[in-house]
Structure formats: structure tokens, C-alpha cells
Amino acid sequence: ILDDPDLKDIDPTVLKHCHAAAATCILEAGKQKADISAISACLEDCKLDKERIDQFCTEYQHRELVTVVSSSIGRSPLHITDVSWRLEYQIKNSQLHKTYQPSYLVTLNVENSDSGSHRDVSFSCTMEQLQDLVGKLKDAAKSLERATQM
């Protein structure tokens, strides 16, 4: 975040506080299993503009991953041991209207290293959401690689 050219004019301390506040908001929402309407109402109370609220809520759509991350806080982190996926193609909706909407059903096999327990986390996403997730995972891998080279 500190290397982002769009944020170069912001005091690094303020930027870190904002990042921590956003991360806390996301983790707490994940712990509470808050839905988009509750998050949107909370952010409106904080006087955020509609565009930013919509962007935040779009990103929060990956809340199954947020729940996995938030459940590991305070203990040893969970490990994703395997990923499986399948393409689902919805032809009609509940009103029997033709929709022809493809989506991906993704299942993460998650292991708790403390207890050795295994569980699955499943979620559905569009191709755009899946591409966004893959891009963010690649960014995280690059950041980790840079951090280990220091």
C-alpha cells in the first residue's frame, strides 16, 4: 500500500491507521457473518460516499474467505491444503425465466494445524470474481516473495 503512487501524498502513519481500520472492519464483519445490507448501513452511518460503499461491498462478496481468515485469529493460522472447482451453468431461475449464467463453485480444503481437523469452505463466484481472486492471490504471493528476499 505504501508503494502505491496514488497514495504517495498521504502521511504513511495515517495510511497505516486507515488500512488497520479497514482490515478490522472486514474481519469483524466476517466474524459476525454480516450481510451486505448491514455493512452498507454501517458504512453509511460512518458518512462514506455511495461509490466507496458499493466498492467495499463488492469486495466483501468473498466473505467465505474472510470467515476462514477471521476464524484463525488468536490461534495458529489455517492452511488451505487443496482447492477444487467446477463450472455451474444456470439455465433458468426460480421463476422459470431463461438466464444462461455460468458461475464457478469453488471448494477450499482447510486444515487447522493445532487440532489437525479438516473442513471445507465452499463459495460460488462469477468468472470476473474468480479472476479477481486469482489476481489478488498472485499479488499476495509476490509480496511474500519480496518480503522473504529482504
Side-chain angles (χ1 to χ4, degrees), residues 1-10 12 14-73 76-94 97-113 118-150:
I1 292 177
L2 295 174
D3 297 333
D4 190 331
D6 294 333
L7 304 174
K8 68 179 183 212
D9 296 332
I10 300 174
V14 171
L15 195 57
K16 286 179 183 179
H17 285 289
C18 291
H19 186 266
T24 301
C25 178
I26 293 167
L27 291 173
E28 285 301 317
K31 282 183 189 176
Q32 302 299 323
K33 298 183 179 174
D35 63 357
I36 297 300
S37 61
I39 293 170
S40 181
C42 180
L43 295 175
E44 286 172 5
D45 291 345
C46 294
K47 307 289 188 231
L48 263 70
D49 62 65
K50 180 73 172 140
E51 182 181 328
R52 289 187 184 196
I53 292 171
D54 290 343
Q55 184 178 8
F56 186 89
C57 290
T58 299
E59 293 297 323
Y60 185 75
Q61 291 296 324
H62 301 292
R63 69 177 170 264
E64 288 84 0
L65 296 175
V66 172
T67 304
V68 170
V69 171
S70 65
S71 68
S72 69
I73 293 176
S76 65
L78 300 175
H79 299 280
I80 298 174
T81 57
D82 194 18
V83 177
S84 59
W85 61 273
R86 68 183 170 107
L87 180 63
E88 176 182 62
Y89 200 75
Q90 182 179 358
I91 298 173
K92 294 183 180 182
N93 63 15
S94 61
H97 295 105
K98 294 180 180 181
T99 59
Y100 302 114
Q101 294 179 335
S103 64
Y104 291 92
L105 296 175
V106 180
T107 301
L108 305 175
N109 297 54
V110 182
E111 179 181 285
N112 186 333
S113 59
H118 299 274
R119 68 179 207 209
D120 292 342
V121 175
S122 298
F123 58 94
S124 177
C125 59
T126 64
M127 182 172 64
E128 292 81 18
Q129 291 170 328
L130 187 59
Q131 288 172 337
D132 184 49
L133 176 61
V134 169
K136 288 178 181 179
L137 289 172
K138 286 180 181 179
D139 289 346
K142 286 178 187 175
S143 295
L144 184 59
E145 186 177 317
R146 280 195 302 264
T148 57
Q149 290 176 353
M150 292 181 160

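Nothing fancy with the numbering, it's 1 onward along the sequence.
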inquiry  = How long is the straight-line distance from CG of L48 back to CD of Q55, given to the nearest 0.5 Å?
reply    = 10.5 Å
task = Sequence neighbours left out, what passes side-chain contact (heavy atoms from CB on, under 4.5 Å) with S143? Give chain and number order.
result = R146
query = Can you name the nearest heavy-atom pair linking C57 to I36, along with the distance?
reply = O-CD1, 3.5 Å
task = Identify which one of L108, N109, D120 satisfies the side-chain contact (heavy atoms from CB on, under 4.5 Å) criterion when paired with D82.
result = N109
request  = Apply salt bridge (Lys or Arg N to Asp or Glu O under 4.0 Å) to R52 and list each qualifying residue two or more places apart in sequence or on a separate chain.
outcome  = D49
query = Do you know which two heavy atoms are closest between T107 and S122, and how far apart they sit?
reply = OG1-OG, 3.2 Å
query = Once you round to the nearest 0.5 Å, how far does NZ of K47 lie from CD1 of I53?
reply = 10.5 Å
ask   = Step by step, would you call L133 with Y104 a side-chain contact (heavy atoms from CB on, under 4.5 Å)?
value = CA-CA 12 Å; L133 176 61; Y104 291 92; over 6 Å; no
ask   = Are a donor atom and an acceptor atom from the side chains of S37 and D35 found within less than 3.5 Å of each other?
value = yes
request  = Work out which heavy atom in V110 is nearest to a heavy atom in T81; give both atom names and the distance.
outcome  = N-OG1, 4.5 Å
message = Once side-chain contact (heavy atoms from CB on, under 4.5 Å) is applied, do any residues pair with D139, and if so which ones, sequence neighbours excluded?
response = none
message = Just verifying a value: how many Å separate I10 CD1 and K16 NZ, rounded to the nearest 0.5 Å?
response = 14.0 Å
Nearest heavy-atom neighbours spanning S103 and L87 = O-CD1, 3.4 Å
request  = Identify the heavy atoms of V106 and V83 that sit nearest to each other, and give their distance.
outcome  = CG1-CG1, 4.0 Å
key: Neighbour count >12 (heavy atoms, 6.0 Å) for atom CD, E88   = yes
